[in-house]
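A short write-up of the structure that comes next.
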2 protein chains.
Amino acid sequence: MKHHTRQRQAIIHCLEQAGGPMSPQEILILAREKVEGMGIATVYRNLKLLEEEGKVRELVLPGEGARYEKSGLSHHHHFFCRGCYKFFCIEGCPREIISMVPRGFALEEHEIVLYGRCRECRDYRPDDSV
Amino acid sequence: MKHHTRQRQAIIHCLEQAGGPMSPQEILILAREKVEGMGIATVYRNLKLLEEEGKVRELVLPGEGARYEKSGLSHHHHFFCRGCYKFFCIEGCPREIISMVPRGFALEEHEIVLYGRCRECRDYRPDDSV
DNA sequence: GAAAAAATGATAACTTATTATCAGTTTAAC
DNA sequence: GTTAAACTGATAATAAGTTATCATTTTTTC
């Protein structure tokens, strides 16, 4: 990576504005507001480059494929909204997690994902939903 | 589902013996010890049938594709071993989770996954590992 | 502005997990 | 044992996400 491009800047901007980790598709849609006609391959290419540079972190969360967030954020977890299919970063981390580790097991990391509905989606449900 | 088959019994047996949710591949390998030559399609077919009957539950956990565990287990979480790539059920659940929900969000479910190394894999690392 | 390097968009190719197809086999009821 | 329905194994097909290819465009350096 040597050149600055409008596309790359738009992707970085998306991730900086984001309230949570984003999928490549989400990034594409948002970044297209700045760079009309941007292609999905460009998103993947740049996410990979940014990840190699340590500017972006790939998260593996349940279902929904990989998500990306800018690196350097303090320890946090995520809330997944089943209405809009977005992830939100949330604060806090229960200390009790340590006591859940089975005897003899070595804990390296942990992931907590809450599922439910965000503020906007809480009261709205489309007619065809169960 | 009307007939009892050796294949189906083997799959159920696997899930009952399991210490954690299993992938279709893991089930296949284990079930083949009882039914030589069993095919992967049979595993998928039966998991789906058992799920429809409510005997088995599909879990969506980070990475690694879907896992299955028998239903009716009490609330619990999982530990993923990076040595043997297996999931283990673990006890306990931090109450603090509720305090992590952003104001106005509705919590429906949650998932906690611990990552690290199980007792067997803790001290063993293959030469080629990082 | 010209030239070289880097990046892009479109799309084909690839991956991995899962599902469908189908001829042959097994099960359950008689 | 016969028969019909259910099931199986092998494998082709599918689906979704990601990566590779390549002609063209953009960026940087001079």
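Order of the sequence lines fixes the chain letters, A, B, ..., with proteins taken first and strands second; residue numbering starts at 1 for each chain.
- Remark: A:Glu52 CD is packed, more than 12 non-hydrogen atoms of other residues, nucleotides or ligands lying under 6.0 Å away.
- In this structure, the nucleotide among C:dA7, D:dT18, D:dT27 sitting nearest to the side chain of A:Arg8 is C:dA7.
- At whole-Å resolution of the value, CG in B:Leu49 and C1' in C:dT19 are 13 Å apart.
- Summarising the geometry, the separation between NZ on B:Lys2 and P on D:dT8 is reported as 15 Å, rounded to the nearest angstrom.
- The side chain of A:Gln7 approaches C:dG9 more closely than any other nucleotide in the set C:dA6, C:dT19, C:dG9.
- Remark: C1' of D:dT19 and CD of A:Glu51 are 14 Å apart, rounded to the nearest angstrom.
- The NE2 atom of B:His3 sits 12 Å away from the C1' atom of C:dT25 (whole-angstrom rounding).
- Only one option out of B:Ile29, B:Leu28, B:Leu30 pairs with B:Arg32 in a side chain to side chain contact (heavy atoms under 4.5 Å, CB included); it is B:Leu28.
- Put simply, CD on B:Gln9 is 13 Å from C1' on C:dT26, counting in whole angstrom units.
- Counting heavy-atom neighbours within 6.0 Å of A:His75 NE2, excluding the residue itself, gives a total above 12.
- Using a 4.0 Å cut-off, no side-chain N or O of B:Thr5 falls inside it from OP1 or OP2 of D:dA6.
- What separates CD of B:Glu52 from P of D:dC7 is a distance of 11 Å, to the nearest Å.
- Non-hydrogen atoms lying under 4.0 Å from DNA chain D are contributed by B:Gly37, B:Met38, B:Gly39, B:Ala41, B:Thr42, all within residues 30-42 of chain B.
- Spacing between atom OH of B:Tyr44 and atom P of D:dA10 amounts to 16 Å, rounded to whole angstrom units.
- Side-chain atoms of A:Arg119 come within 3.5 Å of backbone atoms of B:Arg103 as a donor-acceptor pair (strictly under, hydrogens ignored).
- Without hydrogens or angle criteria, A:Arg8 side chain to A:Leu50 main chain gives no donor-acceptor distance under 3.5 Å.
- Remark on DNA chain C: of its neighbouring residues B:Ala66 and B:His4, the 5'-side contact belongs to B:Ala66, judged by nearest-heavy-atom nucleotide.
- Distance, A:Asn46 CG to C:dG9 C1': 13 Å, rounded to whole Å.
- We find that A:Glu96 and B:Arg95 are not joined by a salt bridge, their nearest charged nitrogen and carboxylate oxygen being 4.0 Å or further apart.
- Using cut-offs of 30° and 60° for the angle between ring planes, the A:Phe87 and A:His78 rings count as perpendicular.
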